[in-house]
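A short worksheet on the structure shown next.
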Amino acid sequence: MNTCSYIKNNGKKGPEQDISLDTLFELSEFFKFFGDTTRIRIIHLMLSGELSVNEIAEKLNLEQSVVSHQLRILRTANLVKPRRDGRKMFYSLDDEHIGLIFNTGLTHILHKKGK
């Protein structure tokens, strides 16, 4: 398993790495945002690029208010970022790490299903 360069590990691997309890708590909170099917569907759509609230609602067959609520949660978690163009709001994934996390989880699920 690769060790992320952001983690100071002092040459140690596994649970001996120097990761504070606060950081592990933040990681736990971060993963909670992936625990909702609607949010996962929105993230999946955004893998292909920026979308407006209306486009997301239409593609997922959801009410705009439902999409806006979930986007607000994703925005608070720094998983998506907004861009205003006149009266329209467009959203995209905050950075490439969000897509990597999604794709890693999906790869794991598909592997376990034998696909």
Side-chain angles (χ1 to χ4, degrees):
M1 182 179 284
N2 294 334
T3 302
C4 181
S5 61
Y6 296 108
I7 299 173
K8 178 184 169 190
N9 66 10
N10 297 329
K12 300 174 186 173
K13 293 185 179 178
E16 299 169 4
Q17 292 175 345
D18 293 332
I19 304 172
S20 74
L21 189 56
D22 285 346
T23 299
L24 292 174
F25 176 79
E26 287 179 43
L27 182 61
S28 172
E29 291 298 307
F30 172 77
F31 278 113
K32 287 180 184 178
F33 292 103
F34 287 87
D36 178 87
T37 305
T38 302
R39 290 193 292 265
I40 287 294
R41 292 174 68 204
I42 292 170
I43 290 170
H44 180 240
L45 274 181
M46 288 185 181
L47 290 173
S48 61
E50 182 180 75
L51 295 163
S52 72
V53 175
N54 291 337
E55 290 170 320
I56 296 167
E58 183 179 307
K59 290 181 184 215
L60 296 181
N61 196 28
L62 295 170
E63 295 292 326
Q64 183 179 346
S65 61
V66 170
V67 172
S68 292
H69 174 71
Q70 295 302 332
L71 286 169
R72 193 169 23 262
I73 292 169
L74 290 169
R75 206 172 140 184
T76 301
N78 294 314
L79 298 180
V80 300
K81 59 186 173 188
R83 180 184 66 82
R84 182 177 293 282
D85 185 9
R87 292 186 51 159
K88 271 189 156 180
M89 288 295 283
F90 291 87
Y91 288 86
S92 60
L93 297 179
D94 188 64
D95 62 34
E96 71 279 359
H97 297 113
I98 307 309
L100 288 171
I101 292 164
F102 178 92
N103 285 325
T104 299
L106 180 60
T107 300
H108 175 72
I109 297 299
L110 294 176
H111 172 76
K112 290 297 179 183
K113 287 184 159 193
K115 294 183 179 183

For Thr104 and Thr107, which I'm curious about, is there any donor-acceptor pair between the side chains at under 3.5 Å? no
Run the numbers on Glu50 and Arg83 for side chain to side chain contact (heavy atoms under 4.5 Å, CB included), then give the verdict. CA-CA 9 Å; Glu50 182 180 75; Arg83 180 184 66 82; 2.7 Å; yes
Is it the case that one hydrophobic cluster holds both Ile40 and Leu110, taking links as side-chain heavy atoms less than 4.5 Å apart, direct or via other members? yes
Count I, L, V, M, F, W, Y as connected when their side-chain heavy atoms are under 4.5 Å apart, and connections chain through other members. Are Ile73 and Leu27 then in the same cluster? yes
Going by heavy atoms in the side chains, are Leu47 and Ile98 under 4.5 Å from each other? no
Rounded at 0.5 Å granularity, tell me how far CZ in Arg41 sits from NZ in Lys59. 12.5 Å
Min side-chain heavy-atom separation Ile56-Leu71 under 4.5 Å: yes
Identify the heavy atoms of Lys81 and Leu93 that sit nearest to each other, and give their distance. CE-O, 3.6 Å
Sequence-distant partners of Lys112, side-chain contact (heavy atoms from CB on, under 4.5 Å), two or more places apart: His108
Heavy-atom count check: over 12 atoms from other residues, nucleotides or ligands less than 6.0 Å from Glu63 CD? no
Between Ser28 (side chain) and Leu24 (backbone), is there a donor-acceptor pair under 3.5 Å? no
Hey, does the side chain of Glu55 reach the backbone of Ser52 with a donor-acceptor pair shorter than 3.5 angstrom? yes
Is there side-chain contact between Phe102 and His44, with heavy atoms separated by less than 4.5 Å? yes
Calculate, to the nearest 0.5 Å, the distance between atoms CG and CD belonging to Leu60 and Gln70 respectively. 10.5 Å
Nearest non-hydrogen partners of Thr23 and Ser20, listed with the distance: OG1-OG, 2.9 Å
Rounded distance [0.5 Å steps], CD1 in Ile43 versus OG1 in Thr38: 11.0 Å
From Ser68 OG over to Leu62 CG, what is the distance, rounded to the nearest 0.5 angstrom? 11.0 Å
Does Arg39 use its side chain to pair, donor to acceptor, with the backbone of Phe33 at less than 3.5 Å? yes
Measure the spacing between CG of Asn54 and CD of Glu58 and express it to the nearest 0.5 Å. 8.0 Å
So, do Leu79 and Phe34 sit near enough that their side-chain heavy atoms are less than 4.5 Å apart? yes
Atom pair CG/CZ of Leu51 and Phe90 - distance to nearest 0.5 Å: 9.0 Å
Do you reckon Phe31 sits in the same ILVMFWY cluster as Leu100, going by side-chain contacts under 4.5 Å, direct or chained? no
Between Leu74 and Ile42 the two heavy atoms that sit nearest each other are CD1-CG2, 3.9 Å
Does a side-chain heavy-atom distance below 4.5 Å link His69 with Arg72? yes
Contact between Val53 and Tyr91 at the side-chain level, heavy atoms closer than 4.5 Å - yes or no? yes
If you apply the rule side chain to side chain contact (heavy atoms under 4.5 Å, CB included), what do you find for Asn78 with Phe30, and how did you get there? CA-CA 9 Å; Asn78 294 314; Phe30 172 77; over 6 Å; no
